Chemist: 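Input: one structure, supplied below.
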Number of protein chains: 2
Amino acid sequence: MKEGRLAKVSMREVAAHAGVSVGTVSHVINRSQKVSEDTIAKVSRSIDVLGFVRNAAARQLRSGRSSSLGLVVLDTANPFFASVAHGAREACDAAGLSLLIGDSGTEVARESKYLDLFAEQRVNGLLVTPSGADLSKLEGIASRGTPVMLVDREAGGYSLSSVTVDNAAGGRMALDHLIAGGCAKPAFVGGPFTLPQVSDRARGARERAAESDLDLAVFETDELTILAGRSIGEHIVSLPEEERPDAVFCANDLLAVGFMQAVIMFSALRIPEDLALIGYDDIDYAFSTIVPLTSIRQPADLLGRTAVESLLAENESGEQAHRDEKFTPELVVRQSTKDV
Amino acid sequence: MKEGRLAKVSMREVAAHAGVSVGTVSHVINRSQKVSEDTIAKVSRSIDVLGFVRNAAARQLRSGRSSSLGLVVLDTANPFFASVAHGAREACDAAGLSLLIGDSGTEVARESKYLDLFAEQRVNGLLVTPSGADLSKLEGIASRGTPVMLVDREAGGYSLSSVTVDNAAGGRMALDHLIAGGCAKPAFVGGPFTLPQVSDRARGARERAAESDLDLAVFETDELTILAGRSIGEHIVSLPEEERPDAVFCANDLLAVGFMQAVIMFSALRIPEDLALIGYDDIDYAFSTIVPLTSIRQPADLLGRTAVESLLAENESGEQAHRDEKFTPELVVRQSTKDV
DNA sequence: CAGCCTCATTGAAACGTTTCAATTAGTTTC
DNA sequence: GAAACTAATTGAAACGTTTCAATGAGGCTG
């Protein structure tokens with residue numbers, strides 16, 4: 001019953017126990033210099049016996065290296081970002097890095113808090129989906145030597161690298177499909193419009209609508225959640241028929257899922273006959289909604305993976321030039337829209 | 001255009017720039033001792049001008065404090081664990097701690113890797129949903145002074161605290177409901193059975209079935225994912241009618257969602273008339289499946305929050321006694337089962 | 001056996017903070 | 001005007017590593 005009460009053991013104790021110097025212990029642990037078989041055995045044994053655990057803080061302080069990346073996304077509960085994080089994590093694992101994840105909840109203040117935290121942690125790089133329009137803080141961080149990669153957000157005028165999926169093209173695709181299905185009164189549901197992901201999708205959609213001489217009604221939401229979708233849906237289905245859209249393009253699948261709930265709970269409208277519905281992201285659940293959801297698929301996993309890999313590549317090559325990698329989304333047709 | 005090229009600035013530079021000692025700078029930053037208004041202003045200005053950022057490694061090394069908790073879950077993509085993580089994060093934010101998250105993918109090796117990583121990080125505490133049966137490693141960590149809290153897993157014989165939801169009771173509830181709806185050939189779908197969450201739910205279900213003189217058929221899966229649900233579903237709907245269950249209890253909602261996809265794609269069976277279906281967790285999407293899914297709701301968010309709070313409380317009070325906090329799940333009836 | 005390798009090990013200086021006892025300057029008290 | 005306080009500031013010692021130049025012990029060579 002000898003409970004090894006918090007006897008914090010450092011390399012000094014290990015060295016003493018094994019009868020060697022501290023430097024030797026370090027070399028055994030890191031294989032940083034040749035050590036004889038005998039010594040390795042002795043030291044390893046002492047490490048086990050004493051239950052020594054390396055101190056990451058000390059090691060990082062001395063070596064300057066940190067071996068971690070920071071990722072800040074808008075909402076970890078959103079399956080799209082969960083996939084992004086998953087892809088990023090896999091890429092980090094492969095590179096022997098650990099990934100710190102922050103959830104900004106689309107709030108600039110929280111995002112900023114995580115950026116500061118990660119900066120203090122001296123992460124090797126930062127992957128960020130920014131919440132606000134002003135990227136100067138990120139630019140500052142990048143110019144001070146920490147590589148920054150924008151995820152699902154273009155650099156705009158800022159001097160930053162990015163990995164994105166073409167949102168305007170996606171919006172255009174969505175409307176193209178709805179119009180081909182014969183829709184006459186399309187609407188866009190989403191928000192906040194301060195998010196370029198939202199406004200770009202809306203813009204692409206509006207442009208395509210205009211080409212067919214159609215107006216695109218816009219219903220702005222506060223969030224991109226199931227709940228927000230349900231409440232705006234409740235509003236829209238209660239509109240008099242002449243004001244009600246006959247096709248709704250939701251800025252993401254969570255909104256669409258909530259919207260569908262509202263249509264079914266609060267109206268007798270049929271999907272897609274009376275109201276066509278298309279989402280964005282093609283999350284796993286889109287396939288399984290009451291009426292299976294047509295959606296615009298984004299390669300989320302790939303986005304995360306690519307972001308990490310590009311960051312590391314850029315880091316390694318000490319490159320200055322910023323790259324913008326842009327993927328193209330893909331239409332996935334299911335029953336919530338009229339197939340053509 | 002003066003790009004502050006990686007001029008790594010430490011407290012020494014700040015002190016020099018402000019014309020004070022390093023100690024004073026530290027006191028300004030941490031408010032750890034009274035400093036005159038004048039000096040505070042001077043130092044703050046120097047910090048801004050030089051772009052000083054605290055070095056977390058050095059600060060932690062010296063102070064011994066780390067202000068972070070580690071959380072290891074089975075699968076971050078599973079909405080249940082996403083909610084647990086969310087609750088934990090909120091509680092951490094409230095306590096001024098940062099939360100490190102690891103995803104074990106139900107692999108003991110990956111879990112172990114994260115535990116080591118967190119140990120090196122000297123986290124203030126560990127929240128773990130273990131993948132394997134052997135908790136001796138965790139017990140060892142706890143006895144060496146790092147508080148450990150099991151999440152969604154009981155301590156069994158081990159000397160550890162836990163926060164759980166009663167799985168056997170949940171399984172019992174599910175079967176109770178199915179039997180009340182008139183089911184005669186119930187089945188359980190889930191796995192791996194090495195996870196107590198799975199085996200306890202199955203056990204509760206089997207016991208309740210036995211009380212009504214019914215057998216519970218068991219179909220084991222490798223994972224608790226949509227895909228696994230779909231493939232076992234494909235198998236089950238293709239069974240000859242006399243072997244086919246008339247009610248299926250899935251060990252979680254992801255399985256149930258996949259199962260439902262299979263039923264619809266590969267059979268003409270109606271839910272719930274020909275086949276009743278009940279899931280577990282009551283994730284947000286359960287409400288929106290093709291046939292809205294009956295499920296056993298777990299307070300996931302609360303689980304995460306409580307885990308953190310209990311850990312901190314235990315930590316603070318320096319308590320030795322281990323507590324087991326157990327919540328009770330709740331049946332949520334929707335259309336995938338016959339209401340009674 | 002002097003000189004020169006090679007191989008393994010060592011000792012001590014850094015890394016950037018926090019912390020605490022010591023110092024200085026200024027103010028009050030008798 | 002000495003003594004006793006208070007308030008603000010300082011200096012230096014840790015914290016646990018990594019790293020690098022230096023040391024020592026053999027073994028070879030000529």
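Here is the naming used below: chain letters follow the sequence lines, and residue numbers restart at 1 for every chain. Computed from a prediction, not measured in an experiment: that's the story for all the values here.
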Chemist: Mind calculating the distance between NZ (Lys42(B)) and C1' (dT10(D)) to the nearest angstrom?
Modeler: 13 Å
Chemist: Considering only side-chain heavy atoms of Arg65(B), which listed nucleotide, dT9(C), dT19(C), dT17(D), is closest?
Modeler: dT19(C)
Chemist: Hey, does the side chain of Asp152(A) reach the backbone of Thr129(A) with a donor-acceptor pair shorter than 3.5 angstrom?
Modeler: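 Such a contact is absent between Asp152(A) side chain and Thr129(A) backbone.
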Chemist: Within this structure, what is the OG-CE distance for the pair Ser21(A) and Met11(A), rounded to the nearest 0.5 Å?
Modeler: 8.5 Å
Chemist: Does dT18(C) have OP1 or OP2 under 4.0 Å away from a side-chain N or O of Asn30(B)?
Modeler: yes
Chemist: Of the listed nucleotides (dT9(C), dG16(D), dT19(C)), which one gets closest to any side-chain atom of Ala58(A)?
Modeler: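 Given the options dT9(C), dG16(D), dT19(C), the side chain of Ala58(A) is closest to dG16(D).
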Chemist: Consider the side chain of Leu61(A), meaning its heavy atoms from C-beta on, and name the nucleotide among dT10(D), dT17(D), dC15(C) that approaches it most closely.
Modeler: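 Looking only at side-chain atoms, Leu61(A) lies closest to dC15(C).
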Chemist: Could you tell me how far apart Lys8(A) (NZ) and dT17(D) (C1') are, to the nearest whole angstrom?
Modeler: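 These atoms are roughly 16 Å apart.
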Chemist: Counting only side-chain heavy atoms from C-beta out, which of dT17(D), dT19(C), dG16(C) sits nearest to His27(B)?
Modeler: dT19(C)
Chemist: Which of these nucleotides, dT18(D), dT17(C), dT17(D), is closest to any side-chain atom of Val22(B)?
Modeler: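 So the nucleotide nearest the side chain must be dT17(C).
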Chemist: Rounded to the nearest 0.5 Å, what's the gap from CG on Leu312(A) to CE on Met149(A)? Could you check?
Modeler: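 So the CG of Leu312(A) and the CE of Met149(A) are separated by 9.0 Å.
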Chemist: So if I take every side-chain heavy atom of Thr39(B) and compare against dT9(D), dT18(C), dT18(D), which nucleotide ends up nearest?
Modeler: dT9(D)
Chemist: Within this structure, what is the CZ-to-P distance between Arg12(B) and dT10(D), rounded to whole angstrom?
Modeler: 16 Å
Chemist: For a quick test of reading the model: is some side-chain N or O of Thr24(A) closer than 4.0 Å to OP1 or OP2 of dT10(C)?
Modeler: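 Affirmative; the distance criterion is met.
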Chemist: Once you round it to whole Å, what is the distance between P of dA7(D) and NZ of Lys34(B)?
Modeler: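 The answer, rounded to whole Å, is 9 Å.
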Chemist: Which nucleotide sits closest to the side chain of Arg62(B): dT17(D), dT19(C), dT9(D)?
Modeler: dT19(C)
Chemist: Can a side chain N or O of Arg59(A) be found less than 4.0 Å away from OP1 or OP2 on dT19(D)?
Modeler: no
Chemist: Contact class for Ser36(A) (heavy atom, under 4.0 Å): base, sugar-phosphate, or nothing?
Modeler: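 Sugar-phosphate, backbone atoms only, no base.
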Chemist: Take the protein atom CD of Glu120(B) and the nucleotide atom P of dT18(D), then report the distance between them rounded to whole Å.
Modeler: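 The answer, rounded to whole Å, is 10 Å.
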Chemist: Can you see if the side chain of Ser26(A) gets near the phosphate of dT18(D) - specifically, an N or O under 4.0 Å from OP1 or OP2?
Modeler: yes
Chemist: Nearest 0.5 Å please: distance from the CG atom of Leu74(A) over to the CD atom of Glu223(A).
Modeler: 12.0 Å
Chemist: Give, for atom OG of Ser67(A) and atom CG of Leu117(B), the distance between the pair rounded to the nearest 0.5 Å.
Modeler: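 That separation rounds to 7.5 Å.
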Chemist: Looking at every heavy atom in both Ser159(A) and His322(A), which two are closest together, and how far apart are they?
Modeler: OG-NE2, 3.0 Å
Chemist: Can you check the Arg31(A) CZ to dA8(C) P distance for me, whole Å?
Modeler: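 Rounded to whole Å, this separation is 14 Å.
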Chemist: In whole Å, I'd like the distance from the CD atom of Gln60(A) to the C1' atom of dT19(D).
Modeler: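 So the CD-C1' distance, Gln60(A) to dT19(D), works out to 17 Å.
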Chemist: Starting at atom CE of Met11(B), determine the distance to atom P of dG11(D), rounded to an integer number of angstrom.
Modeler: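 One finds 14 Å between P of dG11(D) and CE of Met11(B), rounded.
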Chemist: For Ser10(A), report the nucleic acid contact type (base, sugar-phosphate, nothing); a contact means any heavy atom under 4.0 Å.
Modeler: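 Sugar-phosphate, no base atom in range.
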Chemist: At less than 4.0 Å, is any side-chain N or O atom of Ser63(B) found next to OP1 or OP2 of dT18(C)? Yes or no.
Modeler: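 For dT18(C), neither OP1 nor OP2 has a side-chain N or O of Ser63(B) closer than 4.0 Å.
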Chemist: Counting only side-chain heavy atoms from C-beta out, which of dA13(D), dT10(D), dG16(D) sits nearest to Gln33(B)?
Modeler: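 From the listed options, dT10(D) comes nearest.
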